[in-house]
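Reading through the structure tokens given below for one structure.
Quantities reported herein were computed from a predicted structural model and do not represent experimental measurements.
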Protein chains: 2
Amino acid sequence: MTVKPAVTDNLLTPSEVATLFRVDPKTVTRWAKAGKLSSIRTLGGHRRYLESEVQALLQGIPQQRGTA
Amino acid sequence: MTVKPAVTDNLLTPSEVATLFRVDPKTVTRWAKAGKLSSIRTLGGHRRYLESEVQALLQGIPQQRGTA
DNA sequence: TCGCAGTGGGGTAATTTGGGAC
DNA sequence: CTTGTCCAAATTACCCCACTGC
């Protein structure tokens, strides 16, 4: 059934995502605040992003919501 | 986090590519719109170009499509 | 505990976008 | 046909400082 293994739910730091997109870490934070990127927060308030999410976005794959 | 594997191509900003080609950023944008240049967008809509692609073009290496 | 690098928050300047026209 | 410049708006980059993460 061509079951895809794990989704590599690896967490990336703002600088990691920023490097991937060639933007400023602050910009990545802005995306998270804008709700364009899913973010997990540490107990200290820092954000962490899903690598799978970032990879999908890099490929130009929008968030598929509702496959009606 | 200071070092990261280069699993992704280096991305250039419109002004970077424009400087490399000695043209206006607007012209670079037109190339992207014309499909002559591969480009990925940031979540904000800004374009980022592959340095490998630009370098290849700068060297006069046309994109072989169709192998006709 | 200390220190270093990274991160968050706010604000401002610079860049990029989009379309139309010459 | 291609390139450069005008307009307005949106997005991004860099400044400060205080705190987090390791």
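- Taking OH of B:Y49 as the start and CG of B:N10 as the end, the distance is 15.0 Å to the nearest 0.5 Å.
- As rounded to whole Å, 7 Å separates atom P of C:dG8 from atom CZ of A:R41.
- DNA chain C is contacted by both A:T29 and B:P25; A:T29 maps to the nucleotide lying nearer its 5′ end (nearest heavy atom per residue).
- Using a 4.5 Å heavy-atom threshold, the side chains of A:T27 and B:T42 count as separate.
- Nucleotide C:dT12 holds its C1' atom 14 Å from the CG atom of A:D24, rounded to whole Å.
- Here the P atom of nucleotide C:dT7 and the CG atom of A:L12 are 11 Å apart, to the nearest Å.
- With rounding to whole Å, A:K26 atom NZ is found 11 Å from D:dC16 atom P.
- Atom CG of B:L37 and atom P of C:dT17 are 11 Å apart (whole Å).
- For A:R41 (side chain) and A:R48 (main-chain N/O), no donor-acceptor pair under 3.5 Å exists by modelled atom type.
- In this structure, NZ in A:K36 is found 10.0 Å from CZ in A:R30, a value given to the nearest 0.5 Å.
- Nearest nucleotide to the side chain of A:W31, out of D:dT12, C:dT16, D:dT5: D:dT12.
- Distance A:I40 CD1 to D:dG21 P: 14 Å, rounded to the nearest Å.
- Residue A:R22 places its CZ atom among 12 or fewer non-hydrogen atoms of other residues, nucleotides or ligands, all under 6.0 Å distant.
- Within residues 42-49 of chain A, the residues approaching DNA chain C are A:G45, A:H46, A:R47, by heavy-atom distance under 4.0 Å.
- Atom CZ of A:R30 is separated from atom C1' of C:dG11 by 10 Å (rounded to the nearest Å).
- One finds a side-chain N or O of A:T27 lying less than 4.0 angstrom from the OP1 or OP2 phosphate oxygen of D:dA13.
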- Task: Verify side chain to side chain contact (heavy atoms under 4.5 Å, CB included) between B:L50 and B:L11, making sure each step is shown before the conclusion.
- Result: CA-CA 5 Å; B:L50 295 175; B:L11 297 173; 3.5 Å; yes
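- For C:dT15, the OP1/OP2 oxygens have no side-chain nitrogen or oxygen of A:R22 closer than 4.0 Å.
- For A:T13, a side-chain nitrogen or oxygen approaches OP1 or OP2 of C:dT7 to under 4.0 Å.
- Under the 3.5 Å distance criterion, the side-chain polar atoms of A:T19 are matched with a main-chain donor or acceptor of A:S15.
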